[in-house]
Colleague: 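Below is one structure. I have some questions about it.
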Amino acid sequence: MSGLCVAALGCAGLSGARAQQVQTIPGMPPVVDPQNIYTETTPSHIAPEVAQDPARIYVPNLRSNNVYVIDPQTYKVVNRFPVGKSPQHVVPSWDLRTLWVTNNAEGTTNGSLTPIDPRTTLPGPEVAVDDPYNMYFTPDGKSAITVAEARKRLDFRDPHTMQLQTSVEVPQCKGVNHADFSIDGRYAIFTCEFGGYLAKVDTVNHAVLGYLKLSSGGMPQDILTAPNGHTFYVADMHADGVFIIDGDSFRETGFIPTGVGTHGLYPSRDGTMMYVANRGSHKIHGTPHSKAGGVSVVSFATEKVVSQWPIPGGGSPDMGNVSADGKTLWLSGRFDDVVYAFDTTSGAVRKVAVGLEPHGLTVWPQPGRYSIGHTGILR
């Protein structure tokens, strides 16, 4: 019965009284457990249609303008194809049936999105879109949000055709790039990489609710909602750790030191841990083989680092995601032109050579009912 519930992207009649405790925005699938927004992303929750997609790792290579496709069983590159200029991330759509490559064409106005069919693993015709550095989807599935980083703007678009619906200017958010959503879907918090700010945005009324200046650091990167749906974690590449934010009151409440160049944040499949990618450098274009590069494992319960995974010979772990079974953390090696596969039990790592400057890779398929974007944050 649960499989049918997942496939329908609904579950309203099956989730019980717990789901009714959170009043979500209209059209958003119900919250099954108010204490853990990741209950539907455990290994047993792959939707039947998604389960038919072949297991692949999709790697956008920023400087070689292509996508490499890796078979995670063999750790071999099985395909590669050209995409638009400066591909940044591979983003699963809200309905889980398209993987979008965000080609923001750095320094030009020739941005585009390349759709990939996850069933065939092949690309389709590009869609012209202005400066899509990253992309998210409102939790109700009504809009895609292309993050126009260079324009300080968020463009709400039709999630299928990518036709523009409306735009939200974020003038105080220099370098707007990453985001995550509240438990009820009513707001998102975006990071402002080049200003040290966060921006809180009303997802229903399409308006800026406010800005928050971080107390230190000054180069916020990825952001992840805690299992409780109210706390947010913000990776800061200059602070070398993760800021803790109360999303509802929009204030900073703590800090977790992790490592040099803190960058990407990903929940474990059981929702108990957060994997933190430390890129090993404070620079946008760092040097390869940094001895400071590695992964920190943080307990959501204690908000403390419980393990550190170094990379033998050094490295530059950036963006990625966790395998469907939770056993492997896949991350791009931004300055090393490789992809890392970390064993989530031991921290042991394997490397796969890819194109030039790999960035926001995604792992597919993944369990969950719907995607809110980035490299595959599902719920």
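The first residue of the sequence shown is numbered 1, and numbering continues consecutively from there.
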Colleague: Taking the side chain as everything from C-beta on, heavy atoms only, tell me whether Thr362 gets closer than 4.5 Å to Val91.
Modeller: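 No, side chains not in contact.
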Colleague: Calculate, to the nearest 0.5 Å, the distance between atoms OG1 and CG belonging to Thr98 and Asp117 respectively.
Modeller: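 Between atom OG1 of Thr98 and atom CG of Asp117 there are 7.0 Å.
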Colleague: Checking side chain to side chain donor-acceptor pair (under 3.5 Å) between Asn177 and each of His374, Glu193, Gln221, which is the one that passes?
Modeller: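 That would be Glu193; it is the only one of His374, Glu193, Gln221 passing the side chain to side chain donor-acceptor pair (under 3.5 Å) with Asn177.
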Colleague: Quick one: does any side-chain atom of Asp236 pair with a main-chain N or O of Gly218 as donor and acceptor, under 3.5 Å?
Modeller: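 Answer holds: yes.
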Colleague: Is there a side-chain contact between Phe190 and Val201 (heavy atoms, below 4.5 Å)?
Modeller: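 With C-beta onward as the side chain, the pair touches.
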Colleague: Do side-chain atoms of Ser371 reach the backbone of Trp94 as a donor and acceptor pair under 3.5 angstrom?
Modeller: no
Colleague: Can you check ring pair (Phe, Tyr, Trp, His ring centres under 6.0 Å) on His89 and Tyr133, steps first, answer last?
Modeller: CA-CA 8 Å; His89 302 90; Tyr133 174 83; 5.1 Å; yes
Colleague: Let me check something: any side-chain donor-acceptor pairs from residues 77-86 under 3.5 Å, sequence neighbours excluded? List them with distances.
Modeller:
{"residue": "Arg80", "atom": "NH1", "partner": "Tyr68", "partner atom": "OH", "Å": "3.0"}
{"residue": "Ser86", "atom": "OG", "partner": "Glu106", "partner atom": "N", "Å": "3.3"}

Colleague: I'd like to check the side chain to side chain contact (heavy atoms under 4.5 Å, CB included) partners of Arg97; sequence neighbours left out, ordered by chain and number.
Modeller: Glu49, Val50, Asp53, Asp95, Pro118, Arg119
Colleague: Taking all atoms of both residues into account, what is the closest heavy-atom pair of Ser112 and Pro132, and its distance?
Modeller: O-CG, 3.4 Å
Colleague: Pick one: which of Val276, Val234, Val242, Asp180 meets side-chain contact (heavy atoms from CB on, under 4.5 Å) with Leu224?
Modeller: Asp180
Colleague: What is the minimum heavy-atom distance between Gly313 and His289, and which atoms define it?
Modeller: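 Looking at all heavy atoms of both residues, the shortest contact is O-CB, 3.5 Å.
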Colleague: Are Lys200 and Tyr187 in a cation-pi contact, defined as NZ or CZ under 6.0 Å from the six-membered ring centre and within 45° of the axis?
Modeller: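 Ring-cation test returns yes.
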Colleague: Using a 4.5 Å cut-off on heavy atoms from C-beta on, say whether the side chain of Thr344 contacts that of Tyr275.
Modeller: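 Result yes, sub-4.5 Å side-chain heavy-atom pair found.
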Colleague: Under a 3.5 Å distance rule, please check whether Thr262 uses its side chain to pair with a backbone N or O of Gly259 as donor and acceptor.
Modeller: yes
Colleague: So, are Asp336 and Arg334 salt-bridged, with charged N and O less than 4.0 Å apart?
Modeller: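 The answer is no: the pair does not qualify as a salt bridge.
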Colleague: Flag this pair as yes if the NZ/CZ of Arg350 is under 6.0 angstrom from the six-membered ring centre of Tyr75 and inside a 45 degree cone about the axis; otherwise no.
Modeller: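 Yes, Arg350 sits over the ring of Tyr75.
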Colleague: Counting only heavy atoms not in Lys283, do more than 12 sit closer than 6.0 Å to its NZ atom?
Modeller: no
Colleague: Under a 3.5 Å threshold, yes or no: a donor from one side chain and an acceptor from the other, between His263 and Asn278?
Modeller: no
Colleague: Give, for atom OG1 of Thr302 and atom CD1 of Ile256, the distance between the pair rounded to the nearest 0.5 Å.
Modeller: 8.0 Å
Colleague: So Lys327 and Arg269, do their side chains get closer than 4.5 Å, heavy atoms only?
Modeller: no
Colleague: Check this for me, if you would: do Asp130 and Arg151 make a salt bridge, where the nitrogen-to-carboxylate-oxygen distance has to be below 4.0 angstrom?
Modeller: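 Yes.
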Colleague: Does Thr114 reach the side chain of Pro87, with side-chain heavy atoms less than 4.5 Å apart?
Modeller: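 A side-chain contact under 4.5 Å is absent here.
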Colleague: Give a yes or no on whether the ring-centroid distance for Tyr136 and His178 is below 6.0 angstrom.
Modeller: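 Between His178 and Tyr136, which both carry aromatic rings, the centre distance is not below 6.0 Å.
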Colleague: Between Val170 and Val208, which heavy-atom pair has the shortest distance, and what is it?
Modeller: CG1-CG2, 3.7 Å
Colleague: Let me confirm one number: the OG1-CD1 distance from Thr24 to Ile183, rounded to the nearest 0.5 Å.
Modeller: 10.0 Å
Colleague: Would you say that Val297 contacts Trp309 through its side chain, given a criterion of any heavy-atom pair below 4.5 Å between the two side chains?
Modeller: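 When only atoms from C-beta onward are counted, Trp309 and Val297 do touch, with a gap below 4.5 Å.
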Colleague: Between Pro159 and Gln165, which heavy-atom pair has the shortest distance, and what is it?
Modeller: CD-NE2, 4.4 Å
Colleague: Would you mind reporting whether Leu99 and Tyr58 have side-chain heavy atoms less than 4.5 Å apart?
Modeller: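 When only atoms from C-beta onward are counted, Leu99 and Tyr58 do touch, with a gap below 4.5 Å.
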Colleague: What class does the angle between the rings of Phe156 and His206 fall in, given that below 30° is parallel, 30 to 60° is tilted and above 60° is perpendicular?
Modeller: tilted
Colleague: Applying side chain to side chain contact (heavy atoms under 4.5 Å, CB included) to Phe232 and Phe250, what does each step give before you reach the verdict?
Modeller: CA-CA 10 Å; Phe232 290 72; Phe250 203 36; over 6 Å; no
Colleague: So which atom in Met237 and which in Asp240 form the shortest heavy-atom distance, rounded to 0.1 Å?
Modeller: O-OD1, 3.4 Å
Colleague: Would you say the rings of Phe342 and Trp330 are close, in the sense that their centroids are separated by under 6.0 Å?
Modeller: no
Colleague: Is a side-chain donor-acceptor pair under 3.5 Å present for Asn61 with Asn66?
Modeller: yes
Colleague: Between Asp131 and Glu149 (side chain of the first, backbone of the second, donor and acceptor by atom type, cut-off under 3.5 Å), is there such a pair?
Modeller: yes
Colleague: Compute the centroid of each ring, for Phe243 and then for Phe255, and state whether the two points are separated by less than 6.0 Å.
Modeller: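 Yes: the rings meet the under 6.0 Å criterion.
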Colleague: Between Ser268 (side chain only) and Met274 (backbone N and O only), is there a donor and an acceptor less than 3.5 Å apart?
Modeller: no
Colleague: Answer yes if Phe300 and Val305 sit in the same cluster of Ile, Leu, Val, Met, Phe, Trp and Tyr residues linked by side chain heavy atoms under 4.5 Å apart, and no otherwise.
Modeller: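 Both belong to a single hydrophobic cluster.
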Colleague: Using the rule that two of Ile, Leu, Val, Met, Phe, Trp, Tyr join whenever any of their side-chain heavy atoms come within less than 4.5 Å, decide whether Leu122 and Val90 are in one cluster.
Modeller: no
Colleague: For Arg157 and Ser143, does a side-chain donor sit closer than 3.5 Å to a side-chain acceptor?
Modeller: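 There is no such pair between these side chains.
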Colleague: Is the backbone N or O of Gly320 less than 3.5 Å from a side-chain atom of Tyr266, with the two atoms forming a donor-acceptor pair by type?
Modeller: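 At least one qualifying donor-acceptor pair exists.
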Colleague: How far does CE of Met28 sit from CZ of Arg379, to the nearest 0.5 angstrom?
Modeller: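 Taking CE in Met28 and CZ in Arg379, the distance rounds to 6.5 Å.
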Colleague: To the nearest 0.5 Å, tell me how far Leu209 CG sits from Asp202 CG.
Modeller: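 It comes to 5.0 Å.
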Colleague: Roughly how far apart are Thr328 OG1 and Leu331 CG, rounded to 0.5 Å?
Modeller: 11.0 Å
Colleague: Going by atom types only, do Asn36 and Thr39 share a side-chain donor-acceptor pair under 3.5 Å?
Modeller: no
Colleague: Will you find, in the side chains of Asp248 and Ser182, an N or O donor that is under 3.5 Å from an N or O acceptor?
Modeller: no
Colleague: Heavy atoms, side chains only, cut-off 4.5 Å: are Ser299 and Lys304 in contact?
Modeller: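 Not touching, per the 4.5 Å side-chain cut-off.
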Colleague: So, for Cys192 and Pro220, which heavy atoms are closest and what is the spacing to 0.1 Å?
Modeller: O-CG, 3.4 Å
Colleague: Between Gln23 and Arg186, does any side-chain donor sit less than 3.5 Å from a side-chain acceptor?
Modeller: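 Short answer, no.
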